[in-house]
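Atom set for the values below is all heavy atoms of this structure, side chains included, hydrogens, waters and symmetry mates excluded. Letters go in sequence order (proteins before strands), and every chain restarts at 1.
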Amino acid sequence: MSKEGGKNGAGTVVRARDVSFSYGDVPVLEGVSFDIRKGDYVSILGPNGGGKTTLLKLITGLLKPDSGALEVFGQRPGKTGEQIGYVPQYFQFDASFPVIVMDVVLMGRLRGGAKIGPYGAQDRKAAKKALEEVGLADVWGRPFADLSGGQRQRVLIARALATQPKLLLLDEPTANVDAAVESTLARLLGSLNERMTIVMVTHDIGFVSANVRSVLCVNRNVAEHPTEDVCGETISRLYGEQMRMVKHDRDTSGDKECLNS
Amino acid sequence: MFEFVKAAASHELLRNALIVGLLASIACGVVGSYVVTKRITYLAGGISHFVLGGMGLARYLGVKYGLEGLHPLHGAVGAAVLAAFILGHVSIKTRQREDTVIGALWATGMAVGILFITMTPGYNTNLMSYLFGNILMVSERDLWLIVILDAVIVALGILFYNQLLAISFDEEFARLRGLNVETYYLILLVITALTIVLLVTVVGIVMTIALLTLPAAVAGHFSKSLWQMMVMATVLCMVFTTGGLAASYGPDLPSGAMIVIIAGAVYLLTVLGNAVLKRRRRLRKAARPAGL
């Protein structure tokens, strides 16, 4: 899955060696090793409870591995927040929270330390540019809660872009959005991939095969595949019986499995 | 009403009461908006009841040992900040047991307060004014403490607006941006605790939570952003406290109760009005022919 080659060279964005994580006594990831290289467009695929979101949070540094070595940009995760843009799922937010779109995007400009008072002109410019990039410049003053699901998802992408990241992490960006929004997102992520590495958790196998260059299949363990290999046997090995159901539901509104991960 | 204005001009205590009401309203609008959006109302309730312990202790020590300078309000500040630190620590370290700890502080704080008030030599009429407030009892000296507290609360609440908004909206993302989420959460709890002390002087311990949350909850229905909510909640809180004082002064009714009843009535009307509007909008939509 490398574009530039070099085993531990400057091209490696994420390097995991034998990483394990558990919530209390429940093991979620066991002995996971993989590399993500600069410019990659990686999808993390796997069944519910398989550890996809956990893997993403380990990369952000929000969770710490129990054992193993994990490096992001050659440093311990958590030290590298400035270079990471994180896009969580949009429906975890309080629907009545009084906040306008611009203020959400500006959160991407926050820094540690004791900065007080309002955002500077530089921050507003970056936030505006990020909104333009996701095609939502005209709704900057609208309440976040008034937007559609697809728009909210794009606002959260803009918030991540406002930090000017080198690595963009997305958690289920296509969950709960319709096919039209899905293709907008695909185009957006495709163009962003020209200048940043993208790692995306998804259930959506159709979305993967259309856009993504390589796949990390996560179900306690991790297996790496180039996208062409993600078919038939790989997937049934990963999902087992579940695969039939996922595939079956894809074009219907019954894709509710995606909500619970 | 005219009588009230005339009285306010000539009576120092009534004038002080009005000033305290207006000052507390600013803190109430700013901090109440955080409390409502961050959903820590129950936690604020715990802090406000715990405050009785501090007030009782300060009064007991003040009377028993003749410490002139020690005032129940000082005890309230100490207890509120202590409760904020305990709850902040518990919520950061052991998230799942937070509500139990809140309940424990709530009740034991009151128990300690009642015990000390009963043990205090002399008249014990103070219990009622602590619980249900007596804004007309505020002295010149209290007023200065209230001004200082108000300034501290509003300064912290406004200077750290971006950070407090971020941890209320999406704590995880704020953490990823390098914010020290625990510190800001503690700041939020401390200014909540200090605001509670101010509101205790206005409406008393039992009704504090109403004045802290109702203006912000009403404002939330009409606000696009958090700072709009704060401004509107401040104005509403000023209207409620002044209106409550005016309405209670003539017939000599308890002012705290009157303030809270007005706030509660406005909140109820807002919720009902909103429900009716929503229903009407839905019906109109349904009545419209398809395709429009």
Side-chain angles (χ1 to χ4, degrees), chain A residues 24 53 56-57 59-63 72 77-90 92-94 96-120 123 140-146 155-156 159-160 162-163 165 167 169 171, chain B residues 29-30 32-40 94-96 154-184 187 215-233 270-271 274 278 281:
Chain A
T53 300
L56 210 60
K57 288 191 176 168
I59 297 172
T60 61
L62 289 168
L63 295 175
V72 182
K79 299 258 168 214
T80 49
E82 307 261 308
Q83 301 178 67
I84 294 178
Y86 179 56
V87 184
Q89 302 181 12
Y90 75 85
Q92 70 188 40
F93 294 101
D94 176 1
S96 58
F97 199 103
V99 64
I100 62 167
V101 169
M102 189 61 168
D103 287 341
V104 174
V105 178
L106 277 168
M107 286 174 200
R109 301 296 299 174
L110 283 168
R111 293 281 181 277
K115 167 110 177 59
I116 50 171
Y119 292 101
D123 295 328
W140 69 270
R142 296 253 309 271
F144 183 67
D146 284 4
V155 169
L156 294 182
R159 177 178 68 164
T163 68
L167 170 63
L169 305 173
D171 195 354
Chain B
V30 173
S33 298
Y34 286 129
V35 168
V36 168
T37 52
K38 180 86 177 144
R39 300 183 183 197
I40 51 171
T94 55
R95 247 157 221 292
Q96 62 275 35
V154 175
L156 287 174
I158 289 175
L159 286 176
F160 293 118
Y161 176 86
N162 290 338
Q163 286 88 346
L164 295 176
L165 171 64
I167 67 159
S168 304
F169 181 71
D170 187 350
E171 195 181 298
E172 214 166 55
F173 188 84
R175 195 186 300 278
L176 192 60
R177 296 307 314 138
L179 253 60
N180 191 334
V181 171
E182 286 77 19
T183 304
Y184 287 110
I187 290 175
V218 173
H221 279 285
F222 305 100
S223 309
K224 283 205 307 186
S225 65
L226 189 59
W227 69 263
Q228 281 180 2
M229 186 173 171
M230 289 173 174
V231 172
M232 192 184 250
T270 312
V271 172
N274 228 40
K278 248 187 207 156
R281 220 174 291 150

Portion of F97(A) that has a non-hydrogen atom of chain B nearer than 4.5 angstrom: side chain

statement: Value for CD (E182(B)) from CZ (R175(B)), rounded to nearest 0.5 Å, stands at 4.5 Å

message: For a 4.5 angstrom cut-off between non-hydrogen side-chain atoms, does Q228(B) reach F222(B)?
response: no

- prompt: Is chain A contacted by the side chain of L165(B), its backbone, both, or neither, given a heavy-atom distance below 4.5 Å?
  reply: both

field: Which atoms of F144(A) approach chain B - backbone, side chain, both or neither, heavy atom under 4.5 Å
entry: side chain

- request: Check whether any side-chain heavy atom of D170(B) lies under 4.5 Å from a side-chain heavy atom of R159(A), and answer yes or no.
  value: yes

statement: Most contact-rich option vs chain A, by heavy-atom pairs under 4.5 angstrom, among N162(B), L159(B), V36(B), T37(B), is N162(B)

- request: Could I get the full list of salt bridge (charged side-chain N to carboxylate O under 4.0 Å, His left out) partners for K224(B), not counting sequence neighbours?
  value: none

Toward chain B, the part of I100(A) with a non-hydrogen atom under 4.5 Å: both

message: Which atoms of T183(B) are under 4.5 Å from chain A, going by heavy atoms: the side chain, the backbone, both sets, or neither?
response: neither

query: Does the side chain of L167(A) come within less than 4.5 Å of I59(A)'s, by heavy atoms?
result: yes

field: Minimum-distance pair of heavy atoms, taken over all atoms of I84(A) and P165(A)
entry: C-CB, 3.7 Å

- prompt: Which atoms of F173(B) come close to chain A, meaning under 4.5 Å heavy atom to heavy atom: side chain ones, backbone ones, both, or neither?
  reply: side chain

